[in-house]
Amino acid sequence: MANSRSFTVSTAASGPTTLTPPPLTGRGRLRAVDPDEVVHITDFLPPGATWLPAPQHTLPTLPGQPPMVGYLVLVPAGQAPTAAAEPVLPEAPPAPAQGPIRIDGVQRAAEVDGRLLDLTYLEFELLAHLVAHPHRVHTRDQLVTTVWGYGHVGDGRTVDVHVARLRRKLGAEHRRTIQTVRRVGYKYAPPAQR
């Protein structure tokens with residue numbers, strides 16, 4: 001269920017701006033804010049709810065980034081929050097119009113030429129992300145952040161290992177659909193239709 005409320009933010013350079021909160025998704029309700037942005041948390045609360053600042057130790061940290069700020073939302077007993085009333089199922093990533101790899105995000109299944117692939121959770125997430133963005137080059141850091149999440153501790157070599165496993169599982173005929181862009185990262189390049 002999307003929150004259609006909006007609020008006004010005043011910035012020194014451009015004056016008041018009206019923003020609409022992003023729709024609630026199954027992946028979380030985090031939204032980046034500008035350092036000078038003023039956010040009124042009460043605009044996002046369901047009726048009767050209150051909020052408390054979250055303890056700093058419960059929030060994720062990003063190396064080299066300022067600390068995050070989070071809030072705990074308290075809803076009166078017997079009142080279900082509107083966001084939790086209807087669980088939001090993850091949407092299937094858009095499949096490319098062409099290519100041998102098909103991704104079903106709802107059933108979490110991947111096929112190559114009709115053959116079901118036996119993938120781990122992270123292999124599936126990595127393949128689904130690459131297939132959803134054909135011909136786009138992703139750096140290793142972008143893939144770690146997007147697929148593994150901001151709390152992951154590791155480096156780009158983790159991505160290299162998972163890509164190697166994916167290529168083995170795709171088979172000799174389709175392993176070249178995941179291409180290495182030297183010193184940058186990887187991209188999914190489906191073969192051209194003939």
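The figures here come from the full heavy-atom set of this structure, side chains too, leaving out hydrogens, waters and symmetry mates.
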Chemist: T177 and L130: side-chain contact (heavy atoms from CB on, under 4.5 Å), yes or no, with the steps?
Modeler: CA-CA 10 Å; T177 59; L130 290 171; over 6 Å; no
Chemist: If every non-hydrogen atom of A110 is compared with every non-hydrogen atom of L116, which pair is closest and at what distance?
Modeler: O-CD1, 3.5 Å
Chemist: Rounded at 0.5 Å granularity, tell me how far CZ in R140 sits from OH in Y186.
Modeler: 4.5 Å
Chemist: Under 3.5 Å, is there a donor-acceptor pair between the side chain of R167 and the main chain of I178?
Modeler: yes
Chemist: Let me see the working for R115 and L117 under side-chain contact (heavy atoms from CB on, under 4.5 Å), right down to the final yes or no.
Modeler: CA-CA 6 Å; R115 177 177 53 94; L117 298 174; 3.6 Å; yes
Chemist: Is there a path of hydrophobic side-chain contacts, each under 4.5 Å between heavy atoms of I/L/V/M/F/W/Y residues, joining Y121 to V159?
Modeler: yes
Chemist: Rounded to the nearest 0.5 Å, how far does CG of L143 lie from OG1 of T158?
Modeler: 11.5 Å
Chemist: Checking side-chain hydrogen bond (donor to acceptor under 3.5 Å, both in side chains) against E123, which of H162, R165, K169 comes through?
Modeler: K169
Chemist: Measure across I103 and I101 and return the closest heavy-atom pair with its distance rounded to 0.1 Å.
Modeler: CD1-CG2, 4.1 Å
Chemist: In Å and rounded to the nearest 0.5 Å, what is the CG to CH2 distance from L126 to W148?
Modeler: 5.0 Å
Chemist: Minimum heavy-atom separation for H174 and V112, please, with both atom names.
Modeler: CD2-CG2, 3.3 Å
Chemist: Any idea which heavy atoms bring R176 and E173 closest together, and the distance?
Modeler: NH1-O, 4.4 Å
Chemist: Tell me the closest heavy-atom pair linking P100 and Y188, and the distance in Å.
Modeler: CD-OH, 3.9 Å
Chemist: Between H135 and Q179, is any pair of side-chain heavy atoms under 4.5 Å apart?
Modeler: no
Chemist: Roughly how far, to the nearest 0.5 Å, is CG of L122 from CG of L127?
Modeler: 12.5 Å
Chemist: Would you say that L166 contacts L119 through its side chain, given a criterion of any heavy-atom pair below 4.5 Å between the two side chains?
Modeler: yes
Chemist: Can you tell me how far apart NZ (K187) and CZ (R136) are? Round to the nearest 0.5 Å.
Modeler: 13.0 Å
